Amino acid sequence: MNVRLRYAPSPTGHLHIGGARTALFNYLFAKHAGGTFILRIEDTDIERNVDRAAEEFAANLRWLGISWDEGAFVGGDYGPYVCTKRLDIYKEYVEKLLAQGLAYRCYCSAEELQQERETQLQTGSMVQYSGSCSHLTEEQRRAFEDEGRTPVIRFRVPSHTVSFNDMIRGTLSFESSSVGGDFVIVKSNGIPAYNFACTVDDHLMQISHVIRGEEHISNTPRQLYIYEAFGWEPPIFGHVSLILGEDGKKLSKRDESIVQFIEQYREMGYLPDALFNFLALLGWSPGGKEEILTKQQLIESFEFDRVSKSGAFFDSVRLAWMNGHYLKEMSAEDLSVLVEPYIRSYVEGKEWFTKEWLIEFTSLFKDKITCLSEIPAIGLMFLVDQVAPDEEAKSSLSLPHVADLLQVFIEQARVVDEWTPDGMKALVKAVQTASNVKGKDLFMPLRAAITGQLHGPDLNRSLVLLGKERVIKRAQTTLAQFIHIE
RNA sequence: GGCCCCAUGGUCAAGCGGUUAAGACACCGCCCUUUCACGGCGGGAACAGGGGUUCGAGUCCCCUUGGGGUCACCA
């Protein structure tokens, strides 16, 4: 069997972490089996379609490291890969169903159906379409048409039970009565509804495995009936558990406790490999003890027997840890390229800003952060000309020996030729000798005076990065503004 | 409410009849360190409950409880 999987988002919004994970599982399985991964755009809800959304999906998928062999934007032998460009195809299959009496036109209005549902809900009975239009005579039909009603087309649901073997959950079976009656396959605007388009497309595109979210379990029996009506072999289904929000419920796009869109992670400076790794491990486990895995390793070990049946809470703290890990593993040089946009507004036009400076700056902070957008805040002391000491730093500067210490430091700094790590070591040593201050009493006030904080990267490297001019200037400013000599 | 799915620490999870019930994140402690981090070492912490089956059950079956999904001319 040719292994062919597809991810079929509807272009109604941004790429969501849940959607990305579904795409990822499809991708991993396809690649693992040496098969084909396909991107299809399910745009049958023309009201909700968002301009450029499909392009955005594609861009974010690519950024994440998920590429498709066939489908929208890349083409292939089973196209078109966009539903609204396949209308003629659907029409042909609807006609077949209509001709065989397997589908029929329904003239019930939205209001009438709504009414029906409410009554059913009140009486506690099952909510389902009554089938009132299922056996209309030609006359009745004409009468409805004359009233100006535009029909939908409904699929006549057979009365037998359907079942299928889910890759993740085993055998699932459904009574015919539980699918809610004859369902709509073509909407009154002439466009097919999801269950129909999806089934026709999956069959025509020869999809072998359908991996999708658990919320689609209840759609599966409907689709199975359609496969059956056409005499088609259904694909193998696998329903992945949901990603849960803090409240333990399916992540709602309106839930603000969790950052939900891939685009946002990208903007925050998460690395695609980290997100890829994290998402792959959300609801699946390779079994071993290793958690940091490359795309290649993930592809090699991906199997459905370890896909979890229960929902998984999206733990952003864990994602932050993982991203931090990937950040540490990157070289400062490579990472500096990604860091630059985050500090551009500070460093633009500064004479001290060079490629070497950027790399050193990156190397000073890359082990301390969780994502790149934290960089400007944590590295601010190096990005601005002047710094004011924070409360902790002020108290360190208030020690009685600090005025003399800074005087000595400035004098010694002025005569340093080699503004290098070794030079800084020598400088601090010289200050120690000349001032007769050592240890914390020496380092802390210096750090406070130069960086405005008591915490930060290695002092010598910090001095080098700031450069002679800024260091002396800051020491002078601190001396003048924040040291009060009694 | 009907139908369906799920159930191991706070979180992600290993386990597929016999284990002292892995590992990771988070948390706590210690070490490293002129600071903050990083790193290293160590610690607390789980099989929802009840019945079976079996010599033996986290693992298999049933019930209860709890959570979730879905009931559209949305996907």
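By convention in this document, chain letters (A, B, ...) are assigned in the order of the sequence lines, proteins followed by strands, and residues within each chain are numbered from 1. Please read all numbers here as calculations on a predicted model, not as lab measurements.
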On the side chain of A:N195, is there an atom forming a donor-acceptor pair with the base of B:rA75 - under 3.5 Å, no angle test? no
For the pair made of [atom1] in [X] and [atom2] in [N], what is the distance, rounded to whole Å?
{"X": "A:I217", "N": "B:rC4", "atom1": "CD1", "atom2": "C1'", "value": "7 Å"}
{"X": "A:N189", "N": "B:rA75", "atom1": "CG", "atom2": "C1'", "value": "14 Å"}
{"X": "A:E116", "N": "B:rC71", "atom1": "CD", "atom2": "C1'", "value": "14 Å"}
{"X": "A:R117", "N": "B:rU70", "atom1": "CZ", "atom2": "C1'", "value": "14 Å"}
{"X": "A:E246", "N": "B:rG10", "atom1": "CD", "atom2": "C1'", "value": "12 Å"}

Identify all pairs in which a protein N or O lies below 3.5 Å from an N or O of nucleotides 12-16 of chain B, and state each distance.
residue	atom	partner	partner atom	Å
B:rC12	OP1	A:F313	N	2.7
B:rC12	O2'	A:L281	O	3.3
B:rA13	OP1	A:G283	N	2.6
B:rG15	OP1	A:R306	NE	3.1
B:rG15	OP1	A:R306	NH2	2.8

Quote, to the nearest angstrom, the P distance that separates B:rA37 from B:rG18. 44 Å
Take atom P in B:rG15 and the same atom in B:rG23, then report the distance between them in whole Å. 15 Å
Would you tabulate the pairs of protein nitrogen or oxygen atoms and nucleotide nitrogen or oxygen atoms of nucleotides 59-67 of chain B closer than 3.5 angstrom?
none

Report yes if at least one side-chain N or O of A:T44 is closer than 4.0 Å to OP1 or OP2 of B:rA75; otherwise report no. yes
Taking only N and O in the side chain of A:K309, is any of them less than 4.0 Å away from OP1 or OP2 of B:rG68? no
Would you call the rings of A:Y265 and A:F314 parallel, tilted or perpendicular if under 30° counts as parallel and over 60° as perpendicular? tilted
With a 6.0 Å cut-off on the ring centroids, do [X] and [Y] count as close?
{"X": "A:F25", "Y": "A:F29", "result": "no"}
{"X": "A:Y326", "Y": "A:F278", "result": "no"}
{"X": "A:F174", "Y": "A:H160", "result": "no"}
{"X": "A:H216", "Y": "A:Y194", "result": "yes"}
{"X": "A:H16", "Y": "A:F261", "result": "yes"}

Regarding the side chain of A:V152, the nearest nucleotide among B:rG1, B:rC73, B:rG23 is B:rC73
Listed nucleotide nearest any side-chain atom of A:L242, set B:rG69, B:rC5, B:rA75: B:rG69
Contiguous pairing runs of three or more, Watson-Crick or G-U under 3.5 Å, that involve RNA chain B: B:1-7 with B:65-71, B:10-12 with B:23-25, B:27-31 with B:39-43, B:48-52 with B:60-64
Just so I know, are the side chains of [X] and [Y] near enough to count as touching, which here means a heavy-atom distance under 4.5 Å?
{"X": "A:V82", "Y": "A:D43", "answer": "yes"}
{"X": "A:L281", "Y": "A:M322", "answer": "yes"}
{"X": "A:D182", "Y": "A:Y104", "answer": "yes"}

Relative to the 5' end of RNA chain B, which residue comes earlier, A:A193 or A:I168, by the nucleotide with the nearest heavy atom? A:I168
Give me each pair satisfying salt bridge (charged side-chain N to carboxylate O under 4.0 Å, His left out) with a member in residues 157-180 of chain A, each pair once, sequence neighbours excluded. A:R169-A:E214
Residue set satisfying side chain to side chain contact (heavy atoms under 4.5 Å, CB included) with A:T370, at least two apart, ordered chain then number -> A:Y270, A:A320, A:E374
Sequence-aligned protein contact record of nucleotides 34-39 of chain B, with B where the base is within under 4.0 Å of a protein heavy atom and S where only the sugar-phosphate is: BBBSS-
